Amino acid sequence: MADEKNKVSYGTGVNINLKGKTALVTGSSSGLGMEIAKYLARTGASVAIHYHSEKQQAEQVAAEINSNGGKAAVFGGDVSSQSDVQNIFQSIDEKLGPLDILVNNAGIDGKRQLCGEDNPEDWVRVIGINLMGPYYCSREAVKRMKKNGHGVIINITSVHEFLPWSGYTAYCSAKAGLSMFTKTLAQEVSESGIRVVSVAPGAIKTPINKDVWGNPDTYRDLLTKIAMPRMGETKDIAEAVTFLVSDMASYITGTTLVVDGGMLLYPAFKHGG
Ligand code: BGC
(Lines give C-alpha, C1' and ligand atoms only; values in the text may rest on other atoms or scores of the structure.)
Protein backbone atom coordinates (compact mmCIF):
# COMPACT_ATOMS: atom_id res chain seq x y z
CA MET A 1 0.00 0.00 0.00
CA ALA A 2 1.22 3.50 -0.81
CA ASP A 3 2.65 5.40 2.15
CA GLU A 4 0.24 8.27 3.05
CA LYS A 5 3.20 10.62 3.57
CA ASN A 6 4.53 10.09 0.07
CA LYS A 7 1.17 10.38 -1.59
CA VAL A 8 1.15 12.96 -4.36
CA SER A 9 -1.86 14.70 -5.77
CA TYR A 10 -1.94 15.57 -9.43
CA GLY A 11 -3.27 18.75 -11.00
CA THR A 12 -2.80 20.93 -7.92
CA GLY A 13 0.37 22.76 -8.97
CA VAL A 14 3.81 22.69 -7.34
CA ASN A 15 4.80 25.02 -4.58
CA ILE A 16 8.02 26.76 -3.59
CA ASN A 17 7.91 27.41 0.12
CA LEU A 18 10.85 29.12 1.85
CA LYS A 19 9.14 29.63 5.19
CA GLY A 20 11.67 29.64 8.04
CA LYS A 21 14.55 30.68 5.74
CA THR A 22 16.47 33.95 5.97
CA ALA A 23 17.76 35.60 2.81
CA LEU A 24 20.00 38.58 2.10
CA VAL A 25 19.65 40.25 -1.30
CA THR A 26 22.33 42.88 -1.84
CA GLY A 27 21.26 45.98 -3.74
CA SER A 28 17.56 45.33 -3.17
CA SER A 29 16.37 48.93 -2.95
CA SER A 30 15.61 48.93 -6.70
CA GLY A 31 15.77 47.01 -9.97
CA LEU A 32 16.52 43.29 -10.04
CA GLY A 33 17.37 43.07 -6.35
CA MET A 34 14.07 44.61 -5.30
CA GLU A 35 12.08 42.14 -7.39
CA ILE A 36 14.15 39.17 -6.14
CA ALA A 37 13.62 40.28 -2.52
CA LYS A 38 9.86 40.57 -3.05
CA TYR A 39 9.67 37.12 -4.66
CA LEU A 40 11.63 35.49 -1.83
CA ALA A 41 9.38 37.21 0.70
CA ARG A 42 6.31 35.96 -1.18
CA THR A 43 7.57 32.39 -0.80
CA GLY A 44 7.83 32.90 2.98
CA ALA A 45 11.50 33.80 3.55
CA SER A 46 12.52 36.59 5.93
CA VAL A 47 14.40 39.03 3.76
CA ALA A 48 17.27 41.40 4.50
CA ILE A 49 16.86 44.38 2.16
CA HIS A 50 20.29 45.87 1.53
CA TYR A 51 21.03 49.33 0.13
CA HIS A 52 24.06 51.52 -0.34
CA SER A 53 22.66 55.00 -0.94
CA GLU A 54 18.88 54.57 -1.48
CA LYS A 55 17.80 54.26 2.16
CA GLN A 56 14.29 55.59 1.63
CA GLN A 57 13.63 53.25 -1.30
CA ALA A 58 14.92 50.28 0.73
CA GLU A 59 12.58 51.20 3.57
CA GLN A 60 9.68 51.37 1.13
CA VAL A 61 10.46 47.86 -0.16
CA ALA A 62 10.58 46.52 3.40
CA ALA A 63 7.37 48.35 4.33
CA GLU A 64 5.56 46.87 1.34
CA ILE A 65 6.66 43.35 2.31
CA ASN A 66 5.87 43.80 6.02
CA SER A 67 2.45 45.31 5.42
CA ASN A 68 1.49 42.42 3.14
CA GLY A 69 2.18 39.56 5.52
CA GLY A 70 5.89 39.08 4.78
CA LYS A 71 8.96 39.80 6.88
CA ALA A 72 11.75 42.20 5.90
CA ALA A 73 14.34 44.43 7.58
CA VAL A 74 16.69 47.02 6.11
CA PHE A 75 20.51 47.01 6.24
CA GLY A 76 22.81 49.67 4.77
CA GLY A 77 26.46 49.58 3.76
CA ASP A 78 29.02 49.42 0.97
CA VAL A 79 29.59 45.85 -0.27
CA SER A 80 33.06 46.82 -1.51
CA SER A 81 34.10 47.52 2.10
CA GLN A 82 34.96 44.44 4.14
CA SER A 83 34.12 46.11 7.44
CA ASP A 84 30.72 47.32 6.16
CA VAL A 85 29.95 43.77 5.02
CA GLN A 86 30.96 42.34 8.41
CA ASN A 87 28.65 44.85 10.13
CA ILE A 88 25.76 44.01 7.79
CA PHE A 89 26.10 40.29 8.52
CA GLN A 90 26.33 40.87 12.26
CA SER A 91 23.16 42.97 12.25
CA ILE A 92 21.36 40.31 10.19
CA ASP A 93 22.43 37.64 12.74
CA GLU A 94 20.91 39.78 15.48
CA LYS A 95 17.72 40.89 13.73
CA LEU A 96 16.77 37.99 11.45
CA GLY A 97 18.79 34.99 12.60
CA PRO A 98 21.10 32.61 10.71
CA LEU A 99 21.38 33.23 6.98
CA ASP A 100 20.23 30.46 4.61
CA ILE A 101 20.29 32.32 1.30
CA LEU A 102 22.60 35.00 -0.09
CA VAL A 103 21.89 36.71 -3.41
CA ASN A 104 24.89 38.76 -4.53
CA ASN A 105 23.00 41.17 -6.73
CA ALA A 106 24.46 44.64 -6.04
CA GLY A 107 26.35 45.90 -9.07
CA ILE A 108 27.04 48.82 -11.38
CA ASP A 109 27.82 49.04 -15.09
CA GLY A 110 30.29 51.89 -14.56
CA LYS A 111 30.99 54.58 -17.13
CA ARG A 112 31.51 53.69 -20.79
CA GLN A 113 35.25 54.32 -21.25
CA LEU A 114 37.81 52.86 -23.63
CA CYS A 115 40.86 51.26 -22.06
CA GLY A 116 43.69 53.79 -22.02
CA GLU A 117 41.29 56.74 -22.07
CA ASP A 118 39.69 55.62 -18.81
CA ASN A 119 40.34 56.36 -15.19
CA PRO A 120 41.83 53.43 -13.24
CA GLU A 121 39.90 54.54 -10.16
CA ASP A 122 36.64 53.84 -12.01
CA TRP A 123 37.94 50.37 -12.92
CA VAL A 124 38.75 49.66 -9.29
CA ARG A 125 35.29 50.83 -8.21
CA VAL A 126 33.51 48.50 -10.66
CA ILE A 127 35.66 45.55 -9.57
CA GLY A 128 35.14 46.56 -5.93
CA ILE A 129 31.35 46.50 -6.10
CA ASN A 130 30.82 43.72 -8.67
CA LEU A 131 33.54 41.25 -7.64
CA MET A 132 34.99 42.10 -4.23
CA GLY A 133 31.45 42.69 -2.92
CA PRO A 134 30.24 39.15 -3.71
CA TYR A 135 33.51 37.78 -2.32
CA TYR A 136 33.21 39.65 1.00
CA CYS A 137 29.54 38.70 1.34
CA SER A 138 30.13 35.06 0.37
CA ARG A 139 32.94 34.59 2.88
CA GLU A 140 30.68 35.86 5.69
CA ALA A 141 27.82 33.69 4.42
CA VAL A 142 29.93 30.55 4.04
CA LYS A 143 31.20 30.82 7.63
CA ARG A 144 27.61 30.81 8.86
CA MET A 145 26.24 28.28 6.36
CA LYS A 146 28.98 25.76 7.19
CA LYS A 147 27.89 25.85 10.83
CA ASN A 148 24.27 25.29 9.81
CA GLY A 149 25.16 22.57 7.30
CA HIS A 150 23.22 24.16 4.44
CA GLY A 151 22.88 27.29 2.32
CA VAL A 152 22.57 28.69 -1.18
CA ILE A 153 24.55 31.53 -2.72
CA ILE A 154 23.37 33.08 -5.99
CA ASN A 155 25.73 35.36 -7.87
CA ILE A 156 24.04 37.66 -10.36
CA THR A 157 26.48 37.84 -13.23
CA SER A 158 25.41 38.91 -16.72
CA VAL A 159 25.52 37.80 -20.35
CA HIS A 160 28.76 39.79 -20.15
CA GLU A 161 30.40 36.94 -18.27
CA PHE A 162 30.48 35.50 -21.85
CA LEU A 163 30.02 38.49 -24.18
CA PRO A 164 32.67 41.17 -24.63
CA TRP A 165 31.27 44.72 -24.47
CA SER A 166 33.45 47.60 -25.74
CA GLY A 167 33.85 50.39 -23.23
CA TYR A 168 33.12 48.10 -20.31
CA THR A 169 36.34 46.17 -19.70
CA ALA A 170 35.94 46.46 -15.93
CA TYR A 171 32.34 45.27 -15.95
CA CYS A 172 33.00 42.29 -18.24
CA SER A 173 36.14 41.31 -16.31
CA ALA A 174 34.25 41.49 -13.01
CA LYS A 175 31.37 39.36 -14.31
CA ALA A 176 33.64 36.74 -15.89
CA GLY A 177 35.62 36.68 -12.64
CA LEU A 178 32.44 36.28 -10.63
CA SER A 179 31.45 33.33 -12.80
CA MET A 180 34.72 31.55 -12.01
CA PHE A 181 34.31 32.49 -8.34
CA THR A 182 30.93 30.70 -8.43
CA LYS A 183 32.48 27.53 -9.83
CA THR A 184 35.50 27.48 -7.54
CA LEU A 185 33.51 28.26 -4.40
CA ALA A 186 30.89 25.66 -5.37
CA GLN A 187 33.62 23.06 -5.58
CA GLU A 188 35.07 24.13 -2.20
CA VAL A 189 31.79 23.96 -0.28
CA SER A 190 30.14 21.04 -2.08
CA GLU A 191 30.44 18.76 0.94
CA SER A 192 29.06 21.33 3.39
CA GLY A 193 25.52 21.33 2.01
CA ILE A 194 26.08 24.68 0.29
CA ARG A 195 25.26 25.34 -3.36
CA VAL A 196 26.64 28.26 -5.37
CA VAL A 197 25.03 29.20 -8.68
CA SER A 198 25.29 32.13 -11.11
CA VAL A 199 22.33 33.72 -12.85
CA ALA A 200 23.27 35.64 -16.00
CA PRO A 201 20.62 38.19 -16.98
CA GLY A 202 20.51 39.68 -20.47
CA ALA A 203 18.98 43.12 -21.08
CA ILE A 204 16.42 43.52 -18.33
CA LYS A 205 14.43 46.75 -18.07
CA THR A 206 15.78 48.38 -14.89
CA PRO A 207 17.25 51.76 -13.90
CA ILE A 208 20.77 50.44 -14.77
CA ASN A 209 20.11 50.64 -18.53
CA LYS A 210 17.40 53.32 -18.63
CA ASP A 211 19.54 55.53 -20.84
CA VAL A 212 19.40 52.75 -23.49
CA TRP A 213 15.71 51.70 -23.33
CA GLY A 214 14.60 55.28 -22.66
CA ASN A 215 15.78 56.46 -26.10
CA PRO A 216 13.92 55.11 -29.19
CA ASP A 217 17.09 54.74 -31.33
CA THR A 218 19.19 52.88 -28.78
CA TYR A 219 16.12 50.84 -27.74
CA ARG A 220 15.60 49.68 -31.35
CA ASP A 221 19.30 48.80 -31.59
CA LEU A 222 19.13 46.85 -28.32
CA LEU A 223 16.19 44.77 -29.56
CA THR A 224 18.27 43.61 -32.56
CA LYS A 225 20.62 42.02 -30.03
CA ILE A 226 17.93 39.81 -28.43
CA ALA A 227 16.54 36.73 -30.22
CA MET A 228 13.13 37.01 -28.54
CA PRO A 229 11.38 40.24 -29.52
CA ARG A 230 11.47 41.90 -26.10
CA MET A 231 13.63 43.11 -23.25
CA GLY A 232 13.53 41.06 -20.07
CA GLU A 233 11.42 42.00 -17.07
CA THR A 234 12.63 41.89 -13.49
CA LYS A 235 10.26 39.01 -12.79
CA ASP A 236 12.08 36.87 -15.40
CA ILE A 237 15.15 36.97 -13.17
CA ALA A 238 13.32 36.82 -9.82
CA GLU A 239 11.51 33.62 -10.84
CA ALA A 240 14.77 31.96 -11.92
CA VAL A 241 16.41 32.91 -8.62
CA THR A 242 13.42 31.67 -6.60
CA PHE A 243 13.65 28.29 -8.31
CA LEU A 244 17.43 28.06 -7.83
CA VAL A 245 17.35 28.79 -4.10
CA SER A 246 14.58 26.24 -3.56
CA ASP A 247 14.96 22.51 -2.97
CA MET A 248 13.71 21.93 -6.51
CA ALA A 249 17.24 22.91 -7.58
CA SER A 250 19.00 20.85 -4.91
CA TYR A 251 21.31 19.12 -7.44
CA ILE A 252 22.34 22.32 -9.25
CA THR A 253 25.64 23.89 -8.26
CA GLY A 254 28.66 25.59 -9.81
CA THR A 255 27.02 26.58 -13.04
CA THR A 256 25.33 29.55 -14.73
CA LEU A 257 21.67 29.79 -15.62
CA VAL A 258 21.40 32.28 -18.49
CA VAL A 259 18.14 34.26 -18.55
CA ASP A 260 18.52 36.46 -21.62
CA GLY A 261 15.73 35.83 -24.16
CA GLY A 262 18.41 34.47 -26.50
CA MET A 263 20.91 37.32 -26.41
CA LEU A 264 23.71 34.74 -26.54
CA LEU A 265 22.23 33.11 -29.67
CA TYR A 266 23.96 35.52 -32.08
CA PRO A 267 20.56 36.90 -33.25
CA ALA A 268 22.25 38.73 -36.16
CA PHE A 269 22.55 35.28 -37.77
CA LYS A 270 18.76 35.04 -38.03
CA HIS A 271 19.15 36.93 -41.30
CA GLY A 272 21.95 35.48 -43.39
CA GLY A 273 25.56 34.92 -42.50
C1 BGC B 1 24.00 45.36 -18.07
C2 BGC B 1 22.94 46.13 -18.82
C3 BGC B 1 22.89 45.68 -20.26
C4 BGC B 1 22.80 44.17 -20.38
C5 BGC B 1 22.89 43.68 -21.80
C6 BGC B 1 23.75 43.88 -18.27
O7 BGC B 1 24.65 43.12 -17.56
O8 BGC B 1 23.94 45.69 -16.69
O9 BGC B 1 23.22 47.53 -18.75
O10 BGC B 1 21.74 46.25 -20.90
O11 BGC B 1 23.83 43.59 -19.63
O12 BGC B 1 23.97 44.21 -22.50
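Treat the numbers as computed from the prediction; the structure is a model and nothing was measured.
A heavy-atom distance below 4.5 Å is not found between the side chains of Ile129 and His52. In this structure, Tyr168 and His160 have side chains that are not in contact, with every pair of non-hydrogen atoms separated by 4.5 Å or more. A heavy-atom distance below 4.5 Å is not found between the side chains of Ser28 and Asn105. Counting heavy atoms from C-beta outward, Asp100 and Val152 have side chains that stay 4.5 Å or more apart. At a threshold of 4.5 Å between non-hydrogen side-chain atoms, the residues Ile237 and Val199 count as touching. Ser138 has its side chain within reach of Leu102: a pair of non-hydrogen atoms, C-beta onward, lies under 4.5 Å apart. The closest side-chain heavy-atom distance from Lys71 to Leu96 is below 4.5 Å. Two residues are said to be in side-chain contact when any heavy atoms from C-beta on lie closer than 4.5 Å; Asp236 and Arg230 meet this criterion.
Ser158 places no side-chain N or O within 3.5 Å of a backbone atom of Ala200 that could act as its donor or acceptor partner. In this structure, the side chain of Asn17 engages the main chain of Lys19 through a donor-acceptor pair within 3.5 Å. Side-chain atoms of Asn209 do not come within 3.5 Å of backbone N or O of Val212 as any donor-acceptor pair. Side chain of Trp213 to main chain of Thr206: a donor-acceptor pair is present (N/O by atom type, distance under 3.5 Å, no hydrogens or angles). In terms of modelled atom types and a separation under 3.5 Å, the side chain of Asn155 and the main chain of Ser198 share no donor-acceptor contact. The closest donor-acceptor contact from the side chain of Asp118 to the backbone of Gly116 lies under 3.5 Å. Side-chain atoms of Thr256 never come within 3.5 Å of backbone atoms of Val258 as a donor-acceptor pair (strictly under, hydrogens ignored).
Tracing side-chain contacts under 4.5 Å through hydrophobic residues (I, L, V, M, F, W, Y), one never reaches Val245 starting from Leu99; they form parts of separate clusters. Tracing side-chain contacts under 4.5 Å through hydrophobic residues (I, L, V, M, F, W, Y), one never reaches Leu265 starting from Phe269; they form parts of separate clusters. Connection of Met145 to Ile88 is established within a shared hydrophobic cluster, with ILVMFWY side chains joined at heavy-atom distances below 4.5 Å, either directly or through further cluster members. No continuous path of hydrophobic side-chain contacts links Val259 to Leu178 [ILVMFWY only; heavy atoms under 4.5 Å]. In terms of hydrophobic clustering, with Ile, Leu, Val, Met, Phe, Trp and Tyr side chains grouped at heavy-atom distances under 4.5 Å, Tyr171 and Leu163 are assigned to different clusters.
Within a 6.0 Å sphere centred on CG of Asp217, other residues, nucleotides and ligands contribute more than 12 heavy atoms. The environment of NZ in Lys270 is crowded: more than 12 heavy-atom neighbours from other residues, nucleotides or ligands sit within 6.0 Å. Counting non-hydrogen atoms of neighbouring residues, nucleotides and ligands closer than 6.0 angstrom, the CE atom of Met180 reaches no more than 12 such neighbours. More than 12 heavy atoms of other residues, nucleotides or ligands lie within 6.0 Å of NZ in Lys143, so this atom counts as buried by the packing criterion. Atom CD of Gln86 has more than 12 heavy atoms from other residues, nucleotides or ligands within 6.0 Å.
Summarising the geometry of Ile65 relative to Ala41, their closest heavy-atom pair is CG2-CB, 3.6 Å, with the distance given to 0.1 Å. When all heavy atoms of Val79 and Cys137 are compared, the pair lying nearest together is CG1-SG, 4.1 Å. In terms of heavy atoms, Val85 sits closest to Asp78 at CG2-O, 4.1 Å. Across all their heavy atoms, Ile204 and Thr234 have their closest contact at CG2-N, 3.6 Å. Shown here for Leu32 and Pro201, the closest heavy-atom pair between the two residues is CD1-CG, 4.0 Å. For Thr22 against Gly97, the heavy-atom pair with the smallest separation is CG2-O, 4.1 Å.
Taken from CE in Met248 to CD1 in Ile16, the straight-line distance is 4.5 Å, to the nearest 0.5 Å. The CH2 atom of Trp165 sits 4.0 Å away from the CG atom of Asp109 when rounded to the nearest 0.5 Å. With rounding to the nearest 0.5 Å, the separation of CG in Leu244 from CD in Glu239 is 12.0 Å. Taking CZ of Phe75 as the reference point, atom CD of Gln90 lies at 12.0 Å (rounded to 0.5 Å). Remark: Lys183 NZ to Thr255 OG1 distance equals 7.5 Å, nearest 0.5 Å. Considering CD1 of Ile127 and CG of Asn130, their distance stands at 7.5 Å, rounded to 0.5 Å.
Salt bridge annotation for Glu121-Arg125: absent, with no cationic side-chain nitrogen under 4.0 angstrom from a carboxylate oxygen. Between Asp211 and Arg112, no side-chain nitrogen of the basic residue sits less than 4.0 Å from a carboxylate oxygen of the acidic one, so the salt-bridge criterion is not met.
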Go through the steps to decide whether Ile156 and Ile36 satisfy the test side-chain contact (heavy atoms from CB on, under 4.5 Å), and finish with yes or no.
-> CA-CA 11 Å; Ile156 305 296; Ile36 293 166; 4.1 Å; yes
Would Leu18 and Ile101 count as a side-chain contact (heavy atoms from CB on, under 4.5 Å) if you check the C-alpha gap in whole Å, the side-chain angles of each, and the deciding distance to 0.1 Å?
-> CA-CA 10 Å; Leu18 300 176; Ile101 296 163; 4.3 Å; yes
Between Val196 and Phe181, is a side-chain contact (heavy atoms from CB on, under 4.5 Å) present by the stated rule, with each step listed?
-> CA-CA 9 Å; Val196 191; Phe181 177 65; 5.9 Å; no
Do Ser179 and Phe162 pass the side-chain contact (heavy atoms from CB on, under 4.5 Å) test, and can you show the C-alpha distance, the side-chain angles, and the key distance before you say yes or no?
-> CA-CA 9 Å; Ser179 166; Phe162 306 104; 5.7 Å; no
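Put simply, the residue from Gln57, His50, Glu54, Gln60 that forms a side chain to side chain donor-acceptor pair (under 3.5 Å) with Ser29 is Glu54.
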